[in-house]
Amino acid sequence: MNRLLAWLSGLLFGVGLAWSGMADPHKVLGFLDVAGAWDPSLLLVMVGAVLTYAVGSRLVTRRARPWLDERFHLPANRRIDARLLAGAAVFGIGWGLAGYCPGPALAGVGLGNGDLIWLLPALLLGWWLAGRGRRV
């Protein structure tokens, strides 16, 4: 049951990314180009996502435990440190260069975007390197 719900959640997320335009790198790069030909249309998507999370997380965490697990798995570390800032910078630079972040990149694969043949190996290498860095 957990796997089915995870698959359905991922499918819903991917459809939402595709429908909103977040899986279109040209639209994303237009949104990020605030000093040029800025396309503010994704601002509504981002505001909607933040509001949904803000309300949803409050409602869900009021429960004693999640429906399908023994406990909530929330981050224990709330520090803003150099490692977090460096990771955010690398993420932002990659997003700005490619027009994709990981979720929309995977949704783009589902849409048959052939350009992602170059992005996905780099994304997987980055995940692998990040995992190795945690152990050091």
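Source: prediction; values computed, not measured.
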Return the minimal non-hydrogen interatomic distance between [X] and [Y], and the atom names on each side.
| X | Y | answer |
| --- | --- | --- |
| Phe91 | Cys101 | CZ-CB, 3.4 Å |
| Met22 | Trp95 | CE-CZ2, 4.3 Å |
| Gly14 | Ala107 | O-CB, 3.9 Å |
| Thr52 | Gly48 | OG1-O, 2.7 Å |
| Gly21 | Lys27 | O-CB, 3.8 Å |
| Ser20 | Leu42 | O-CD2, 3.5 Å |

ILVMFWY cluster, [X] and [Y] together (side-chain gap under 4.5 Å):
| X | Y | answer |
| --- | --- | --- |
| Val34 | Leu32 | yes |
| Tyr100 | Val109 | yes |
| Phe13 | Val28 | yes |

Side-chain contact, heavy-atom cut-off 4.5 Å: [X] with [Y]?
| X | Y | value |
| --- | --- | --- |
| Leu106 | Leu120 | yes |
| Leu59 | Arg62 | yes |
| Leu43 | Phe31 | yes |

Rounded to the nearest 0.5 Å, what's the gap from [atom1] on [X] to [atom2] on [Y]? Could you check?
| X | Y | atom1 | atom2 | answer |
| --- | --- | --- | --- | --- |
| Leu17 | Asp24 | CG | CG | 12.0 Å |
| Leu74 | Thr61 | CG | OG1 | 7.5 Å |
| Asn2 | Trp7 | CG | CH2 | 16.0 Å |
| Leu123 | Leu116 | CG | CG | 9.5 Å |
| Leu8 | Leu4 | CG | CG | 4.5 Å |
| Ser41 | Met46 | OG | CE | 11.5 Å |

Atom [atom1] of [X]: over 12 foreign heavy atoms under 6.0 Å:
| X | atom1 | answer |
| --- | --- | --- |
| Arg3 | CZ | no |
| Trp19 | CH2 | no |
| His26 | NE2 | no |

